[in-house]
Number of protein chains: 2
Amino acid sequence: MRVLLVGAGGVGGAITRIAARRPFFDAMVVADYDLSRAEAAVAALGDQGARFRAERLDANDQDAVVAALRAHECDVLLNATDPRFVLPLFRAARAAGANYLDMAMSLSRPHPDRPYEECGVKLGDAQFEDAAEWEKAGALALVGMGVEPGLSDVFARYAADELFDEIQEIGIRDGANLTVDGYDFAPSFSIWTTIEECLNPPVVYEADRGWFTTEPFSEPEVFEFPEGIGPVECVNVEHEEVLLVPRWVDAKRVTFKYGLGNEFIETLKTLHLLGLDRTEPVTVASASGPVAVSPRDVVAACLPDPATLGDRMRGKTCAGTWVRGTKDGEPREVYLYHVVDNEWSMAEYGSQAVVWQTAINPVIALELLATGAWTGSGVLGPEAFPAGPFLDLLTAYGSPWGLREQ
Amino acid sequence: MRVLLVGAGGVGGAITRIAARRPFFDAMVVADYDLSRAEAAVAALGDQGARFRAERLDANDQDAVVAALRAHECDVLLNATDPRFVLPLFRAARAAGANYLDMAMSLSRPHPDRPYEECGVKLGDAQFEDAAEWEKAGALALVGMGVEPGLSDVFARYAADELFDEIQEIGIRDGANLTVDGYDFAPSFSIWTTIEECLNPPVVYEADRGWFTTEPFSEPEVFEFPEGIGPVECVNVEHEEVLLVPRWVDAKRVTFKYGLGNEFIETLKTLHLLGLDRTEPVTVASASGPVAVSPRDVVAACLPDPATLGDRMRGKTCAGTWVRGTKDGEPREVYLYHVVDNEWSMAEYGSQAVVWQTAINPVIALELLATGAWTGSGVLGPEAFPAGPFLDLLTAYGSPWGLREQ
């Protein structure tokens, strides 16, 4: 297997560190808009970097991506950029005849008249539109293959196959007790993506109603996270699992709730109130005359890069899937989860917990595809594949998952 | 009198509309970085615009400002730009031998070690440093001559001369009940300046302690504003009056409190938390490659221009000076105030209330200088001059002030 990894940011860098320890692939080209970032990711691998090379690539330039896939004879493109670049990379992979993996799906657009009741364009719609074409070509686009979406979807499939006869609700629940020394406000994950997920109308699935939306930050609940994290207030957020899980798993209801905490929610609301969450450029003065910049990019530029904060972070992050249903005629409720302690991920990989937890999952998926444990064609979510081999390999990578009966 | 007005924004535009009705000056050159804005201000005067002409001018380019003052034989420069341009314009006026008026003073810098206890560089320090030079030349820099600072300082002088034998405290109190239809968040005054005033450490004066600072938003109090505005929560804010009043008026304590309201305070705190109040440029991507922009400029660019909101605004704004002391051995407490109803200022001048209220005061001051009712040299605040003629002219302009005994 020869991999073109696009994006050498926090997650991309962690992917190279995890993959470098695994023998299943022959070559990984690490490509970034900023060549120095790609070079730094490869240099950080030291002796383990022989199968890696750095390259400059603009993820938005579909022709350049096709050319890179062909030049390096890559059979798979792993997309580790932010969600703006999903479509050009997805299309470039198809055009070059390569398989494709990502960790977030093509972006949504709210319903023009009833944004907080009905879906407009849903997450991933633009990718699923091309499903027949991928299937016809016998090629695979494995979409939403990070931790959430990704591992959370694998947990949903595992619950349906192994733990339940009938499922009432599948609720992805994400929470952490991470703090960053020396910063009053320092998100542990891409603020661009966080704004996108949190300020878009959250999507909910119900079997008798289909997909629908609510007001942002709806249905707050306090969820008790395991391994000492404790109770965190969670709210509905737009997330891929709600779109993916119902396509392959039977459940009466699917939700995603994010443990943002009250201060963070208020901060996001203020950004929205001021229009600073917008991506459409505004014109401002600069030393070189008026320039057009995206307010959301400016917000991101004012905050520290989350990938660089690992040394100052403390605490654990938890991703997981809570499932309520019946087994053998009895009610059952479980939480399947994966916790990463920042101290461990920094010591073991030099990566902070949140980006490391995202990065391990696409590497496992690549290995399952390389060994043939997972096969398929079309545009498929992680829950389209058997969960057992994935969860076994997660444990084998040194990062076990947990199950809490409740 | 020939005037160079620099800045044709909201306040500059209102200045031209007010001045156009008064015969005391011969010519007013309306200069702006954006020529179309200056031209629009002059065009809006219609038949009344014969004494006005528009010109392009960069307020930051001291040589160009000197050249403009000389070319048009202006004897006074009226600065209606934001406070970043105070020093180049102040210096250009001195270099050209012109008098100078502004409505905000040179910027402060917090104390490097004890920002919330001691003053660093104070508002106006850089201007007062040059006072001897102005005095020697027999030239006048009348600083802080808007509404606050400006009319509020005139009120302080009036109270000291006419209403009190001894003054315990002079507290400037500013409040409004303005709303803007169709916007969830739309400040009625320059957000750049509002951030500057509100997030800098507030300064307080006490006779036995001198000037000192506190934490932002300190000493909240509910002040009852007149003419139906009612109670508004006010907090300490850095403002010029606290630096100006004690130089010419005896008082045991001088404060400035701004009726920001809780939502606005929380919004400003969030901007600060995220570093979006900063003026130092950050680098962000743009369609034309990486560019350096000031986050605070981006915040301003995301919000509607307050000068354009008059048609959607409702309510009144109040500026005033609360004074507590003794007269003839008896305790006395008064609030001297000036209220502008947006409906009135829009109907009468086509200017929204807050910018109109700022603009009328420098025009009155120019008229008092033109007629010789006010004379002086050096760097002087409004309280250095007799208050009576100013307050009479304010009423004669059709915008009376009030006095509330309390």
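- Residues from residues 288-304 of chain A that place a non-hydrogen atom less than 4.5 Å from a non-hydrogen atom of chain B comprise A:Val291, A:Ala292, A:Val293, A:Pro295, A:Asp297, A:Val298, A:Val299, A:Ala301, A:Cys302, A:Leu303, given in numerical order.
- Under the side chain to side chain donor-acceptor pair (under 3.5 Å) criterion, the residue pairs touching residues 33-43 of chain A are A:Asp32-A:Arg37, A:Asp34-A:Ser36, with sequence neighbours excluded.
- Between B:Glu263 atom CD and A:Leu273 atom CG the span is 5.5 Å, to the nearest 0.5 Å.
- No more than 12 heavy atoms of other residues, nucleotides or ligands sit less than 6.0 Å from atom NE2 of B:His272.
- With rounding to the nearest 0.5 Å, the separation of CG in B:Leu274 from CG in A:Leu276 is 8.5 Å.
- Residues of residues 184-202 of chain A lying within less than 4.5 angstrom of chain B, judged on heavy atoms, are A:Asp184, A:Phe185 in numerical order.
- For residues 284-313 of chain B, no pair satisfies ring pair (Phe, Tyr, Trp, His ring centres under 6.0 Å), with sequence neighbours left out.
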